[in-house]
Amino acid sequence: MEGRLVLTLILGLCAAIPCHGYYSESKPYVPPAEKVTQLHFFLHDTLSGKDPTAVLVARPNFTTAFNNTPIPFGSVFATDDLLTVGPNLTSGVIGNAQGLWASTGQDVLSLVVYWDFGFTRGKLNGSSFSMFSRDPITQTEREAAVVGGRGEFRMAKGFAQLKSYVADFTTGDAIVECNVTLVHY
Ligand SMILES: *[C@@H]1O[C@H](CO)[C@@H](O)[C@H](O)[C@H]1NC(C)=O
Ligand SMILES: *[C@@H]1O[C@H](CO)[C@@H](O)[C@H](O)[C@H]1NC(C)=O
Ligand SMILES: *[C@@H]1O[C@H](CO)[C@@H](O)[C@H](O)[C@H]1NC(C)=O
Ligand SMILES: *[C@@H]1O[C@H](CO)[C@@H](O)[C@H](O)[C@H]1NC(C)=O
């Protein structure tokens, strides 16, 4: 009885992944119909004060470009930035951007961001999209690449139009308006 159960389980597994070892046969890929979703929210990246949402985790131990700013070339920050419906924190938190960014510009102050934008309200609760992009923060308006997603945003690709609502280069604090276009399953 137990033996038969084990055999059934093994045969079941072999039906899903043929028993060559550990991989399936490669077949033509038929993508499901894609959907598009637009998002609009504000990101709060706060370096100053008692409750920063972006914290320095590493920086060079010698003088680099933009040493007179809170984000000299080569510094790396980890973030848990709040996302809100409007520009004010009181407008309602809908998620957070967790990840890292690094100050990567030597001639012009600029970042590369590695961010997972996760949502915590409504039908998007538990879903997220992944941004990996340059972010030339000295330009008020810029565009970032979206390279993937989870949940509602499985297989997402797209782009985000970013606009500085507040950008304080003395404290490093910023509020950024985000219009995101996602194509996903
Ligand atoms: C930076 O780190 C290197 C390697 O550990 C060390 O030799 C050097 O003294 C450090 N420089 C400063 C300014 O702390
Ligand atoms: C957010 O709203 C509070 C209370 O209404 C107000 O005091 C504050 O100035 C607002 N902040 C911004 C950035 O608009
Ligand atoms: C979002 O999902 C989490 C985990 O499933 C759950 O604990 C939480 O209550 C949900 N929040 C909202 C606002 O639906
Ligand atoms: C986002 O879209 C709204 C509505 O079209 C527009 O008013 C706003 O300027 C856009 N913002 C960005 C950052 O693209």
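Only heavy atoms go into these numbers, but all of them, side chains included; no hydrogens, no water, no symmetry mates. All ligand and atom numbering here is 1-based and tracks the order in the structure.
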Please give me the minimum heavy-atom distance between A54 and D81, naming the atom from each residue. N-OD1, 4.2 Å

Can you give me the closest heavy-atom contact between P31 and Y29, atom names plus distance? CD-O, 3.4 Å

Under 4.0 Å from [atom], do we find at least one protein heavy atom?
{"atom": "atom 14 (O) of ligand 3", "value": "yes"}
{"atom": "atom 9 (O) of ligand 1", "value": "no"}
{"atom": "atom 5 (O) of ligand 4", "value": "no"}

Using a cut-off of 6.0 Å, state whether more than 12 heavy atoms not belonging to F169 lie near its atom CZ. yes

Protein contact to atom 3 (C) of ligand 3 [nearest heavy atom, distance to 0.1 Å]: N125 ND2, 3.6 Å

Among non-hydrogen protein atoms, atom 12 (C) of ligand 1 lies closest to N61 ND2, 3.4 Å

For Q161, the ligand 4 atoms whose distance to one of its heavy atoms is below 4.0 Å: 13 (C), 14 (O)

May I ask you to check if ligand 4 and N179 share an N or O to N or O distance below 3.5 Å? yes

Starting from the C-alpha separation in whole Å, work towards a yes-or-no answer on salt bridge (charged side-chain N to carboxylate O under 4.0 Å, His left out) for R134 and E143. CA-CA 8 Å; R134 269 174 202 243; E143 184 175 310; over 6 Å; no

Applying side-chain contact (heavy atoms from CB on, under 4.5 Å) between L83 and each of L39, T120, L43, report the one that passes. L43

Taking the ring of F119 and the ring of F41, is the distance between their centroids below 6.0 Å? yes

Closer than 4.0 Å to some heavy atom of T120 - which atoms of ligand 3 meet that? 11 (N), 12 (C), 13 (C)

